[in-house]
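Read the structure below first, then the notes.
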Amino acid sequence: MTIELAVTNNVFTRDILTVAQLNQAVGQLLERSIPALWVRGEISNFTQAASGHWYFTLKDSRAAVRAVMFRGRASAVGFVPRAGDQVEIRVRVSLYEPRGDYQLQVDAMRRAGIGNLYEAFLRLKEQLNAEGLFDPARKREPVPLPRAIGVITSLHAAALRDVLSALARRAPQVPVIIYPAPVQGADAARRRAAQIRRAYARCDVDTLLLVRGGGS
């Protein structure tokens with residue numbers, strides 16, 4: 001399918017726009033130029049608000065987009081989706097103007113089987129369980145009062161700021177040692193494993209946190 005975007009609104013010919021005017025114009029352009037269509041993907045970050053509206057992310061192995069399904073539409077679906085569900089949704093593309101975020105407004109949803117990413121997760125979980133890695137006998141109780149805490153994560157991760165903030169509030173007397181390592185990408189697992197071995201060899205900390213942010 002080829003989608004051509006034709007700009008007809010003369011708002012773009014003005015010398016200076018406010019941010020609100022720009023977002024409004026872009027939102028109108030998306031709504032006029034892209035017809036309602038079906039999209040397939042996997043549910044993640046699902047939230048059912050007190051209002052009855054559904055908010056979630058639709059993703060595949062390469063990309064993700066935020067979506068909203070308002071109460072009236074959600075009540076007609078017949079099931080409540082969960083993280084990992086593979087679904088097909090009929091959507092209208094729009095812009096959430098206050099933040100300038102492109103999003104999908106969902107009019108209909110149907111099941112499309114278990115998500116491929118979730119299936120891969122379950123296979124890995126079964127493999128690790130077969131290797132005995134979830135055996136309670138292998139687990140150690142955390143030290144009640146660690147002399148130092150190590151954190152393995154990216155220096156640019158929001159999760160690092162969250163952990164440091166929580167430790168500063170709850171245990172300001174405990175030193176924190178950061179072992180930098182990426183949290184995503186092809187090389188992330190090897191480099192995080194290397195930092196675990198490094199922390200173990202140095203014996204600088206009693207407790208080690210392997211930290212990653214939210215989202216997917």
Side-chain angles (χ1 to χ4, degrees), residues 1-9 20 22-131 133-134 136 157-159 162 183-186 188-189 210-216:
M1 176 177 61
T2 300
I3 299 174
E4 296 181 358
L5 302 182
V7 179
T8 58
N9 195 326
L22 174 63
N23 284 359
Q24 183 181 50
V26 171
Q28 292 173 352
L29 182 62
L30 287 173
E31 292 170 4
R32 292 171 183 170
S33 304
I34 303 179
L37 70 164
W38 285 92
V39 183
R40 179 174 180 168
E42 184 172 315
I43 296 282
S44 71
N45 302 325
F46 179 82
T47 299
Q48 185 172 19
S51 61
H53 305 329
W54 292 354
Y55 301 92
F56 58 92
T57 299
L58 192 72
K59 68 177 184 178
D60 58 23
S61 60
R62 299 178 58 188
V65 60
R66 291 182 179 178
V68 57
M69 192 172 198
F70 296 117
R71 179 178 59 188
R73 303 284 188 177
S75 63
V77 171
F79 67 94
V80 178
R82 299 179 300 172
D85 283 354
Q86 190 85 359
V87 297
E88 294 171 349
I89 55 177
R90 184 165 177 81
V91 303
R92 289 169 289 119
V93 180
S94 65
L95 190 83
Y96 182 62
E97 293 180 14
R99 286 200 305 263
D101 288 347
Y102 136 69
Q103 66 176 10
L104 305 179
Q105 288 192 32
V106 184
D107 293 330
M109 178 185 294
R110 61 195 183 199
R111 294 186 186 275
I114 298 177
N116 294 334
L117 298 179
Y118 190 60
E119 284 184 330
F121 162 75
L122 292 178
R123 286 195 298 270
L124 177 60
K125 183 178 179 181
E126 290 177 1
Q127 174 190 334
L128 298 179
N129 188 52
E131 294 175 5
L133 299 183
F134 297 141
D162 293 342
V183 295
Q184 60 185 1
L210 185 61
V211 175
R212 191 182 190 277
S216 299

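These numbers come from the heavy atoms of this one structure, side chains and all, not from hydrogens, waters or symmetry mates.
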### Message
Please list all pairs meeting salt bridge (Lys or Arg N to Asp or Glu O under 4.0 Å) that have one or both residues in residues 64-76, counting only residues at least two apart or in different chains.
### Response
Arg66-Asp101, Arg73-Asp107
### Query
Looking only at heavy atoms, what is the nearest atom pair of Ile43 and Pro81, with distance?
CG1-CB, 4.2 Å
### Query
Got a second to check how far Leu30's CG is from Arg32's CZ, nearest 0.5 Å?
11.0 Å
### Query
So, for Gly52 and Ala74, which heavy atoms are closest and what is the spacing to 0.1 Å?
O-CB, 4.2 Å
### Summary
side-chain contact (heavy atoms from CB on, under 4.5 Å) filter on Ala188, not counting sequence neighbours, yields Pro182, Arg192
### Query
Between the main-chain N or O of Ala108 and the side-chain N or O of Arg90, is there a donor-acceptor pair closer than 3.5 Å?
no
### Task
Identify, with sequence neighbours excluded, every residue that meets salt bridge (Lys or Arg N to Asp or Glu O under 4.0 Å) alongside Arg110.
Glu88
### Task
Sequence neighbours left out, what passes ring-ring contact (aromatic ring centres under 6.0 Å, His included) with Phe46? Give chain and number order.
Trp54
### Query
Got a sec, which residues hit side-chain contact (heavy atoms from CB on, under 4.5 Å) with Val39, two or more places apart in sequence or on another chain?
Leu37, Leu58, Ile89, Val91
### Task
Sequence neighbours left out, what passes side-chain contact (heavy atoms from CB on, under 4.5 Å) with Ala76? Give chain and number order.
none
### Query
Is Asn45 close to Phe56 at the side-chain level, that is, under 4.5 Å between some pair of heavy atoms?
no
### Message
Just verifying a value: how many Å separate Gln28 CD and Ser33 OG, rounded to the nearest 0.5 Å?
### Response
11.0 Å
### Task
List in chain and number order the residues that pass side chain to side chain donor-acceptor pair (under 3.5 Å) with Glu131, two or more places apart in sequence or in another chain; answer none if no residue qualifies.
Gln127
#### Entry: Over 12 foreign heavy atoms within 6.0 Å of CD, Glu31
yes
### Task
Could you pull out the closest heavy-atom pair between Arg40 and Ala112, with the gap in Å?
NH2-O, 3.2 Å
### Residues forming a ring-ring contact (aromatic ring centres under 6.0 Å, His included) with Phe70, sequence neighbours excluded
His53
## Note on the structure
Heavy atoms of Gly27 and Leu95 approach each other most closely as CA-CB, 3.7 Å
#### Entry: Partner residues of Asn129 under the side-chain contact (heavy atoms from CB on, under 4.5 Å) criterion, sequence neighbours left out
Phe134
